[in-house]
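Heavy atoms only: backbone and side chains are in, while hydrogens, waters and symmetry mates are out. Please read all numbers here as calculations on a predicted model, not as lab measurements.
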Amino acid sequence: QVQLVESGGGLVQAGGSLRLSCAASGGFFSAYAMGWFRQAPGKEREFVATISRSGSITSYSDSVEGRVTISRDDAKNTFSLQMNSLKPEDTAVYYCAANERVGYFSTPKNVQGYNYWGQGTQVTVSP
């Protein structure tokens, strides 16, 4: 069973950047597709980005496409989310998640498909 711990959240002005990291332990990291999700107050948790087990395929939500980059380092059991040109509507708690039930090149976007989750890190973007 894998444990996930996020870091890197904080307060930033609109137009700024943040880099979120997720450290994994207790599992075979390369066996998981990894994803980032976010949840704003009063809203459902939503997909942000995902990277395949191979590390060669990524997918992003329309709302962050072009502003966000997901990456993974299997040697260090970490993966990251670089966020640029942040907007106030990006404010949310961001969660990293692992999905072990997909193929090597899959990029799952469904919240229900992920079976391991971090505790979340707050990202606040001021106007």
Side-chain angles (χ1 to χ4, degrees):
Q1 183 169 347
V2 64
Q3 291 81 44
L4 303 172
V5 179
E6 301 97 337
S7 61
L11 173 65
V12 63
Q13 288 187 329
S17 299
L18 279 176
R19 184 177 181 86
L20 305 183
S21 295
C22 183
S25 61
F28 188 50
F29 186 68
S30 61
Y32 302 93
M34 306 301 294
W36 286 97
F37 294 79
R38 67 187 183 187
Q39 188 166 17
K43 295 187 177 181
E44 294 186 351
R45 191 168 299 188
E46 65 174 6
F47 165 74
V48 175
T50 181
I51 187 166
S52 63
R53 289 168 56 195
S54 69
S56 61
I57 301 175
T58 58
S59 183
Y60 302 94
S61 68
D62 291 343
S63 61
V64 303
E65 180 80 51
R67 301 187 294 120
V68 165
T69 302
I70 188 172
S71 60
R72 66 187 296 160
D73 185 341
D74 287 3
K76 296 181 179 179
N77 282 9
T78 61
F79 77 115
S80 301
L81 188 71
Q82 176 66 43
M83 302 190 294
N84 301 321
S85 302
L86 284 163
K87 304 175 181 180
E89 50 264 44
D90 293 319
T91 295
V93 177
Y94 283 70
Y95 298 89
C96 64
N99 186 325
E100 64 180 351
R101 298 187 283 245
V102 293
Y104 193 61
F105 297 105
S106 295
T107 50
K109 302 177 183 180
N110 194 316
V111 170
Q112 287 73 23
Y114 285 78
N115 44 332
Y116 301 108
W117 292 84
Q119 82 287 351
T121 186
Q122 177 69 47
V123 171
T124 303
V125 184
S126 62

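- A donor-acceptor pair is defined here as one N or O able to donate and one able to accept, closer than 3.5 Å; no such pair exists between the side chain of N77 and the backbone of F29.
- Annotation: cation-pi geometry not satisfied between R72 and Y32 (NZ/CZ under 6.0 angstrom from ring centroid, within 45° of ring axis).
- Taking the side chain as every heavy atom from C-beta outward, L4 and C22 approach each other to under 4.5 Å.
- No side-chain donor-acceptor contact under 3.5 Å links T124 to the backbone of T91.
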| request: List the steps and the verdict of side-chain contact (heavy atoms from CB on, under 4.5 Å) for Y116 and E100. | output: CA-CA 9 Å; Y116 301 108; E100 64 180 351; 3.6 Å; yes
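- Atoms CZ and OG, from F105 and S52 in turn, are 7.0 Å apart once rounded to the nearest 0.5 Å.
- The hydrophobic clustering, which links ILVMFWY residues whose side-chain heavy atoms are closer than 4.5 Å, places L86 and V93 apart.
- Formation of a donor-acceptor pair under 3.5 Å by the T50 side chain with backbone atoms of M34 is found in this model.
- Looking at Y60 and T69, their side chains come closer than 4.5 Å, going by heavy atoms from C-beta outward.
- Nearest heavy-atom pair, A40 versus A92, reported as atom, atom and distance to 0.1 Å: N-CB, 3.8 Å.
- Nearest approach of T78 to A23, heavy atoms of both residues: CG2-CA, 4.2 Å.
- Using a distance-only test at 3.5 Å, with no hydrogens or angles considered, a donor-acceptor pair links the side chain of E6 to the main chain of G120.
- Checking side-chain atoms of Q3 against main-chain N and O of Q1 turns up a donor-acceptor pair under 3.5 Å.
- When all heavy atoms are compared, the tightest approach of V102 to A33 is CG2-CB, 3.6 Å.
- Here the shortest heavy-atom pairing between F79 and S71 reads CB-O, 3.0 Å.
- Side-chain atoms of S85 do not come within 3.5 Å of backbone N or O of R67 as any donor-acceptor pair.
- Between V2 and A98, the shortest heavy-atom distance links the atoms CG1-CB, 4.2 Å.
- S61 is not listed as a side-chain neighbour of E46, based on a closest heavy-atom distance of 4.5 Å or more.
- Using the six-membered ring where Trp is involved, F37 and F47 have ring planes that are perpendicular, over 60° apart on the 30 and 60° scheme.
- Counting heavy atoms of neighbouring residues, nucleotides and ligands inside a 6.0 Å radius, atom CD of Q13 does not exceed 12 of them.
- Rounding to the nearest 0.5 Å places OG1 of T121 at 9.0 Å from CG of L18.
- Judged purely by atom type and a 3.5 angstrom limit, R19 has no side-chain atom pairing as donor or acceptor with the backbone of G8.
- Once rounded to the nearest 0.5 Å, the distance linking OG of S59 with CD of E65 reads 7.5 Å.
- Here the straight-line distance linking atom SG of C96 with atom CD of Q119 works out to 7.5 Å at 0.5 Å rounding.
- For R53 and Y104, the side-chain atoms include no donor-acceptor pair closer than 3.5 Å.
- In plain terms, the two heavy atoms of S17 and N84 that are nearest each other are OG-OD1, 2.9 Å.
- For Y95 and Y114, the gap between ring centers reaches or exceeds 6.0 Å.
- Residues V64 and R38 form a side-chain contact, since some pair of their non-hydrogen atoms from C-beta on lies under 4.5 Å apart.
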| Worked check of side-chain contact (heavy atoms from CB on, under 4.5 Å) between M83 and V48 | CA-CA 11 Å; M83 302 190 294; V48 175; 5.8 Å; no
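- Taken together through direct or relayed side-chain contacts under 4.5 Å among Ile, Leu, Val, Met, Phe, Trp and Tyr, I51 and V111 form parts of separate hydrophobic clusters.
- Inter-residue side-chain proximity for N115 and R101 is flagged as met; some heavy-atom pair is nearer than 4.5 Å.
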